[in-house]
Amino acid sequence: HPMFSADIYRPTFTDFQQGRELAVADILRGVLIAYMMSFHFYMELGPEKSCSAFVQRVTRAGGFLDMVILGVYLYIVIVRYVVYGIATDTAVGLANELRVRFTNDQSWARTYDYISIAEAAVLACIVLRWIFYMRINRQTFIIWNAIWKSYKTYAFFLLVLTPTLCAFTVLGHTIWRADLGSHRTMWGSFTSTLMMLCGDYEAVRVYVNERPWTLIFLILFYIFMNLILVNAWVAAVVHGYQQVRVGFGYNPNDHSWTHERYANWMLWGPLARVYLRLVKIIQTRREQRREQRLAKKAAKTAAKEERE
């Protein structure tokens, strides 16, 4: 049976059960980020541990991602637990304020949206950081470097792609702003043009009044964007992949990592030693059980031969 539950509006996160669970998750993330920016950062400075090593570590791609993760996480914590926590009135005070006068919470709602965007940014940076570490795998390394080389090659095409995309945005806004809500504003038209670039042509509908202009727009868009610029990106990726694959070729048998080496690379030293010791104990017990099974099988076979 359907049920209905209504609670009073509470502006802070900690008033809800989900908010308490979110606080525990934020504490765990804070501990991991503190470890990443202290001990792990210090160990990646190398043997010199100098100011120049610190600058080089920060200016690299991995260091930049670490700084972005730290900054966005601090923004989330400050907004979530200071702006919406300490600096926010209680639910009773908010209810009394709503009873006395009208309160506009548009800025609050916008800040909630910013927090959601920041959470997505943190997740994206973490995924990129993980892929950056996974470059020890040959396939990941080749794909990573191929895409990076393709971006450097395709940067010159952006000098043509950016003005062309802006021109189609203005043209779509001029044609459909009176009929389509997605093209009513310039930013909406830009978003719809990007969706068309990804293959979503449902954003454009053919009306009787704009039918000739719609046909012209779609033909020009297909020729300039899909046939030329998109295929140029595909060609740049294929060319970069071939260059990286041939330039960094090697015999995998000469450079293959063992299980112990992966564990020492991915885990903290004491934790890696404990993990490898546990793995060794498990492997020893498996070998003992295997030897016992073989001994029992040999004994059964010998007893059977004696009876015969």
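Keep in mind it's a predicted model, so treat the numbers as computed, not measured. Each residue takes its place number in the sequence, starting with 1.
- Two residues are said to be in side-chain contact when any heavy atoms from C-beta on lie closer than 4.5 Å; Phe168 and Thr164 meet this criterion.
- Pairing each heavy atom of Ser150 with each of Gly240, the nearest pair is OG-CA, 4.3 Å.
- Sorted by first then second residue, the salt bridge (charged side-chain N to carboxylate O under 4.0 Å, His left out) pairs that include residues 185-194, not counting sequence neighbours, number zero.
- A distance of 11.5 Å separates CG in Leu161 from CD1 in Ile228, rounded to the nearest 0.5 Å.
- In terms of hydrophobic clustering, with Ile, Leu, Val, Met, Phe, Trp and Tyr side chains grouped at heavy-atom distances under 4.5 Å, Leu165 and Leu220 are assigned to a common cluster.
- Leu70 places none of its side-chain heavy atoms less than 4.5 Å from the side chain of Met36.
- The two residues Leu227 and Asn231 make their nearest non-hydrogen contact at O-ND2, 2.9 Å.
- Side-chain contact between Phe221 and Leu171 is absent, with no heavy-atom pair separated by less than 4.5 Å.
- Taking NE2 of His173 as the reference point, atom CH2 of Trp187 lies at 13.0 Å (rounded to 0.5 Å).
- In this structure, Gln283 CD and Lys280 NZ are separated by 9.5 Å, a value rounded to the nearest 0.5 Å.
- Residues Lys149 and Asn145 form no side-chain contact, since every pair of their non-hydrogen atoms from C-beta on lies 4.5 Å or further apart.
- Val238 and Ile143 fall into different hydrophobic clusters, where Ile, Leu, Val, Met, Phe, Trp and Tyr side chains are chained together by heavy-atom contacts under 4.5 Å.
- Under the 4.5 Å side-chain heavy-atom criterion for grouping Ile, Leu, Val, Met, Phe, Trp and Tyr, Ile115 is connected to Leu74 within one hydrophobic cluster.
- In this structure, Ile147 and Tyr241 have side chains that are not in contact, with every pair of non-hydrogen atoms separated by 4.5 Å or more.
- Counting non-hydrogen atoms of neighbouring residues, nucleotides and ligands closer than 6.0 angstrom, the OH atom of Tyr75 exceeds 12 such neighbours.
- Listed here is the closest heavy atom pair of Tyr73 and Ile33: CG-CD1, 3.5 Å.
- Pairs of residues two or more places apart, or lying in two chains, that qualify as salt bridge (charged side-chain N to carboxylate O under 4.0 Å, His left out) and include a residue from residues 113-125 are Arg29-Glu119, Arg80-Glu119.
- Hydrophobic clustering (ILVMFWY, side-chain heavy atoms < 4.5 Å, transitive): Phe156 and Trp148 are in distinct clusters.
- Residues meeting the ring pair (Phe, Tyr, Trp, His ring centres under 6.0 Å) test with Tyr151, sequence neighbours left out: Trp233.
- The two atoms that bring Thr169 and Ser189 nearest to each other are O-OG, 2.8 Å, heavy atoms only.
- Cluster annotation: Ile27 is not connected to Val77 through the hydrophobic network of ILVMFWY side chains, with a link wherever side-chain heavy atoms come within less than 4.5 Å.
- Of the listed residues (Leu123, Ile126, Leu32), just one forms a side chain to side chain contact (heavy atoms under 4.5 Å, CB included) with Ile69, and that residue is Ile126.
- Counting heavy atoms from C-beta on, the side chains of Ile131 and Trp144 come closer than 4.5 Å.
- The NZ atom of Lys300 lies 7.5 Å from the NZ atom of Lys296; values are rounded to the nearest 0.5 Å.
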